[in-house]
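Here the structure is laid out as structure tokens; the discussion comes afterwards.
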Amino acid sequence: MAGGLERVYGTEEDKVNCSFYIKIGACRYENKCQRIHSIPPISQTILFKHMYQNSPMEVAIASGNAVSQAGIEEALEKFENFYEDVFLKLAEFGEIEDLIVCENIGDHLVGNVYVKYTSELYAESCFNALQNLSYENRPLSMEYSPVLDFSSAKCKQYIDGTCQRGGSCNYLHLKKISTKFKKSLFNQMYEEHPEYREKKEKEVNEKSPKKHKKKEKKSKKKKTSSSRESSRRNSIERQKMINDWNETGIQNVSQAQKMMYGNNMPAPVYTPKVSMRTSPELLQLQLQLAALKEQLAAIKMS
């Protein structure tokens with residue numbers, strides 16, 4: 001009996017607990033849901049409800065509407081400033097494993113920010129320290145989240161560029177951030193809080209001391225400086241890293257177009273590159289793809 005309950009817990013077969021809440025950390029029915037939303041008493045993950053305030057331009061992007069190049073640049077700059085500020089602030093309370101921001105525009109997901117720490121102690125420290133505080137003159141609404149694996153909460157179709165629900169999807173659509181820029185924030189976290197890295201290395205060495213003995217000797221001889229780039233716009237090395245990330249994203253969009261249109265796929269429209277941490281043309285391509293999907297749906301209906 002107990003084994004059967006464990007098997008169905010958090011699945012669609014579970015008639016008691018809300019599977020969407022367990023998987024996503026939010027449910028579109030919210031308090032009206034007929035199943036239980038069990039907020040954990042403690043967790044590695046904290047949810048900040050509706051913390052990020054989307055501009056009208058960002059809502060248009062999430063909805064798949066046509067947006068000007070200048071509008072895309074403005075939206076990206078606004079989001080990346082927010083992400084940097086929040087990441088470095090939350091890193092003061094403990095080692096961050098991941099920080100994600102929802103692009104969804106549904107009432108239960110819009111503006112949601114999830115931070116996952118490497119331990120529950122770090123999360124508890126953050127949770128206690130930020131009680132009754134505000135961000136941009138708005139009180140923080142926080143709760144521990146049952147989500148520990150973001151990969152199962154993400155919308156797979158959105159990642160592939162094929163989600164037809166757009167911003168109204170109930171799975172997580174994450175706001176895009178350059179992988180290299182995100183890595184630079186982690187590097188800064190470890191520079192400002194070396195105790196996080198030392199604690200992790202100590203735990204690893206205790207598990208397998210012989211294996212890491214040689215690595216420890218090498219690290220003493222060679223100390224690498226992983227200081228985060230001071231400039232956001234004039235670093236050639238940073239731009240190269242961003243371009244590498246952009247190429248991967250453009251390829252994903254192109255693959256989605258081929259799946260939809262086969263040999264009749266329209267030629268992609270590339271806009272001039274601008275020196276940004278996250279490239280606007282990737283978002284532009286996604287907007288074009290959304291418009292093409294609407295055209296295809298209209299053709300099928302007719």
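We number each residue from 1, following the sequence as shown.
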(message) Would you say that Phe48 contacts Val86 through its side chain, given a criterion of any heavy-atom pair below 4.5 Å between the two side chains?
(response)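 Answer no - side chains too far apart.
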
When you look at [atom1] of [X], are more than 12 heavy atoms from neighbouring residues, nucleotides or ligands closer to it than 6.0 Å?
| X | atom1 | result |
| --- | --- | --- |
| Lys49 | NZ | no |
| Asp107 | CG | no |
| Lys156 | NZ | yes |
| Gln34 | CD | no |

(request) Please list all pairs passing the side-chain hydrogen bond (donor to acceptor under 3.5 Å, both in side chains) test where one or both residues lie in residues 121-131, with sequence neighbours left out. (result)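 Sorted result for residues 121-131: empty, none.
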
[X] side-chain N/O to [Y] backbone N/O, donor-acceptor pair under 3.5 Å:
| X | Y | answer |
| --- | --- | --- |
| Glu77 | Glu74 | no |
| Tyr52 | Phe82 | no |
| Tyr158 | Arg165 | no |

(message) What I want to find out is whether Lys199 reaches Glu95 closely enough, with some N-O distance under 4.0 Å, to be called a salt bridge.
(response) no

(request) Using a strict cut-off of less than 4.0 Å between a Lys/Arg side-chain nitrogen and an Asp/Glu carboxylate oxygen, indicate whether Lys116 and Asp149 qualify as a salt bridge. (result) no

(request) Find the distance between CZ (Arg197) and CE (Met189) and round it off to the nearest 0.5 Å. (result)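 CE of Met189 is found 8.0 Å from CZ of Arg197.
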
(message) By the definition side-chain contact (heavy atoms from CB on, under 4.5 Å), identify the one residue from Ile24, Leu47, Ile100 that meets it with Asn112.
(response)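 Single side-chain contact (heavy atoms from CB on, under 4.5 Å) partner of Asn112 among Ile24, Leu47, Ile100: Leu47.
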
(request) Classify the ring geometry between Tyr190 and Phe186 as parallel (under 30°), tilted (30 to 60°) or perpendicular (over 60°). (result) tilted

(message) Quiz question: by atom type and distance under 3.5 Å, do the side chains of Asn170 and Lys23 form a donor-acceptor pair?
(response) no

